[in-house]
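Keep in mind that what you see is a predicted model, and the values were worked out from it rather than measured. Each chain gets a letter, A, B and so on, in the order the sequences are listed, and its residues count up from 1.
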Amino acid sequence: MEERKNSHYPAGGNNAPVDENSSAPPHFIRAIIREDLRTGKYQGRVHTRFPPEPNGYLHIGHAKSICLNFGLAKEFGGKCNLRYDDTNPAKEDVEYVESIEEDVRWLGFDWQDRKFYASDYFEQLYRFAVALIEKGAAYVCDLTAEQVREYRGTLTEPGKNSPYRTRSVQENLDLFRRMKNGEFEEGSRVLRAKIDMTSPNLNMRDPAIYRIKKVHHHRSGDSWCIYPMYDFAHGICDSLEGITHSICTLEFEDHRPLYDWFLQQLDIYRPQQIEFARLNVTYTLLSKRKLLQLVNEGHVSGWDDPRMPTLAGYRRRGYTAEAIRNFAEIIGVAKRDSMVDHQLLEYCLREDLNKRAQRVMAVLNPLKVVIDNYPEDQVEEMEAINNPEDESMGKRKVPFSRVIYIERDDFREDPPKQFHRLAPGREVRLRYAYFITCTRVVKDEKSGEIIELHGTYDPASRGGWAPDGRKVKGTIHWVSAQHALDATVRLYEYLFTKEDPGDTEEGRTFLDNLNANSMLERRHCKMEPGLKAAKPGDRFQFERLGYFCVDGPDSSPEAPIFNRTVTLRDSWAKIEKKMQE
RNA sequence: UGGGGCGUCGUCAAGUGGUAAGACACGGGACUUUGGUUCCCGCAUGCGGAGGUUCGAAUCCUCCCGCCCCAGCCA
């Protein structure tokens, strides 16, 4: 039977041999596929699908699903379709389908010519519904939504049959046709599957298959005023496309009997639905509804705000697709609810960026330093390494002169023991330049604020080495004042203050957990001049600070803006924190 | 208390009867012209609990406890 139904799909042959020594971590879905391949369940085919509803932007949770579905297909020499679950036009929009395609491509996956829409199948879906009516497995019900709820029963009590359950096939056919023709009001009638009102699984208590919605659809326009429900449409689409493994999240586990029921009733090819646990990440929210709310209420600048857990947000923030793919692999796939530490994502990010980001010097909180014994008009070009992890990235020249900026945090008037940066009388190395010693601190008389520092340099230490072999513990970054590029930097932190932003007390909402300091904009940061050539999306490591990228929408050559993607690990901050305790 | 799932280190997660992988985090050390990177070392006498089967149990059996999901004409 299974054999026969599967027969119109190409038999194996397009599959690469399974690599038993694959370094990919084992998980239960891989195990199922291996077993199916071994037993020839689908003639050696592996065909998955990624089925987003175009009602919002894709987020990191979707990335897990995308990587799983496309990744499995690739791993086993199969295919993966992109299919929009666009059965509810009231919530969907073309803006979302465009963003979804951009995001999936950016992540590095390709659906080739297999882009589908549930709406592509509206005509067939309708015919399948008619077939169900004809075999007495579906009926038109005139109960109101509220009545349907009452008839459904509760978790512990069985439901009771709708008085319309016994309508004749002829009457059902007629009514359904008229529903389609727009003769009835929205909500007045619904087509239901005739299953079992006493089932302990509420999904089997005569679920709705079609509802009337006189709403314009972003693809089918106004040609339909009835739309199929997810449970009915999804399995049939999977079947029509010859999907072998229909992977979805845990909350659909209870729907599997229904998924199977429709396909069995219709006697069509049956893929298997497999459920895994959706992703949760600390300090972030992955609910489309709540993300939409953040956007609509202006708590963020949009779906692509760099603080958003959307792929568009992460991309704008400077994350790489490679890092996200690696993260998706490393977190594993299982059935238990879990909350992954955001630091794991950051680890994947740094690992990738460390290898590819060009190093550059930038001062975010500038403190002027005048090197008194350095010739007034002299400028030297110091040689700097672009990436110590990748020699092929070469070297560059950075101008040095008498007046420079250093990071305010790199100077302490009264330094603690373990502080080995600049302080009165102390010597430090200016990266790729000279050793300098601080000789004088100039303060504002009234406020006491440090305005500038004066110091001397050792001409013999050019490049950062002292010929007498003396050591300095600290190396700090700097930018020549007269050559500096003035730029704005946006420092981002978690959008929420709680590990689980959705965990709220009585009377509060996730909005109460918003981090008021999630974005700090610093103007007039000083950067080495070579950064003038940076283009939107370009990523850099600002030495000793973190990874940054040129913002897409807001940056311009006249007023460059850099987003902080992620900080570098900072063991000094840990030491300082420990000293305070 | 109907049904469906799930409980292995702080967090993910392997393991499917032969004596608890790995990663992140954390702690310590080495190296360092980024307090970055890299490299070493440490980190579950125990797998939700209690019984039982077995030479041997995270893995099998029994009972119990806890957590998640389902009462949309959402997906």
Considering only side-chain heavy atoms of V190(A), which listed nucleotide, rG5(B), rG35(B), rC73(B), is closest?
rC73(B)
Which of rA75(B), rC12(B), rA25(B) is nearest the side chain of M339(A)? It is rC12(B)
Looking at the base of rU34(B), is there any donor atom on it, or on the side chain of Q541(A), that sits under 3.5 Å from an acceptor on the other one?
yes
Presence of R569(A) side-chain N/O under 4.0 Å of rU37(B) phosphate oxygens OP1/OP2:
yes
Under 3.5 Å donor-acceptor pair, E253(A) side-chain atoms to rG3(B) base atoms
no
Please assess Y84(A) against Y117(A) for the test ring-ring contact (aromatic ring centres under 6.0 Å, His included), listing each intermediate value before the final yes or no.
CA-CA 5 Å; Y84(A) 294 100; Y117(A) 294 82; 4.9 Å; yes
Taking only side-chain N and O atoms of R192(A), does any of them lie within less than 4.0 angstrom of OP1 or OP2 on rC73(B)?
no
Is there a side-chain contact between Y230(A) and the phosphate of rC74(B), meaning an N or O under 4.0 Å from OP1 or OP2?
no
Can you give one letter per nucleotide of nucleotides 27-32 of chain B, 5' to 3': B if a protein heavy atom sits under 4.0 Å from the base, S if only from the sugar-phosphate, - if neither?
-S----
Taking only side-chain N and O atoms of R152(A), does any of them lie within less than 4.0 angstrom of OP1 or OP2 on rC73(B)?
yes
Closest contact, heavy atoms only, I29(A) versus F276(A)
CD1-CB, 4.2 Å
Quick one: which of rG15(B), rC70(B), rA25(B) gets closest to the side chain of P26(A)?
rG15(B)
Less than 5.5 Å between centroids and less than 30° between ring planes, does W572(A) satisfy that with rG35(B)?
yes
Can you find a side-chain donor-acceptor pair between S199(A) and N201(A) that sits under 3.5 Å?
no
Quickly, which of E407(A), E528(A), R359(A) forms a side chain to side chain contact (heavy atoms under 4.5 Å, CB included) with H477(A)? Name it, please.
E407(A)
Can you confirm whether or not the ring centre of Y319(A) sits under 6.0 Å from the ring centre of Y314(A)?
yes
Does a side-chain N or O from S571(A) land closer than 4.0 Å to OP1 or OP2 of rG36(B), or not?
yes
Assess, by modelled atom type and distance only, whether the side chains of T320(A) and E322(A) contain a donor and an acceptor separated by less than 3.5 Å.
no
Going by heavy atoms closer than 4.0 Å, what residues in residues 329-338 of chain A are next to RNA chain B?
I330(A), I331(A), V333(A), A334(A), K335(A), R336(A), D337(A), S338(A)
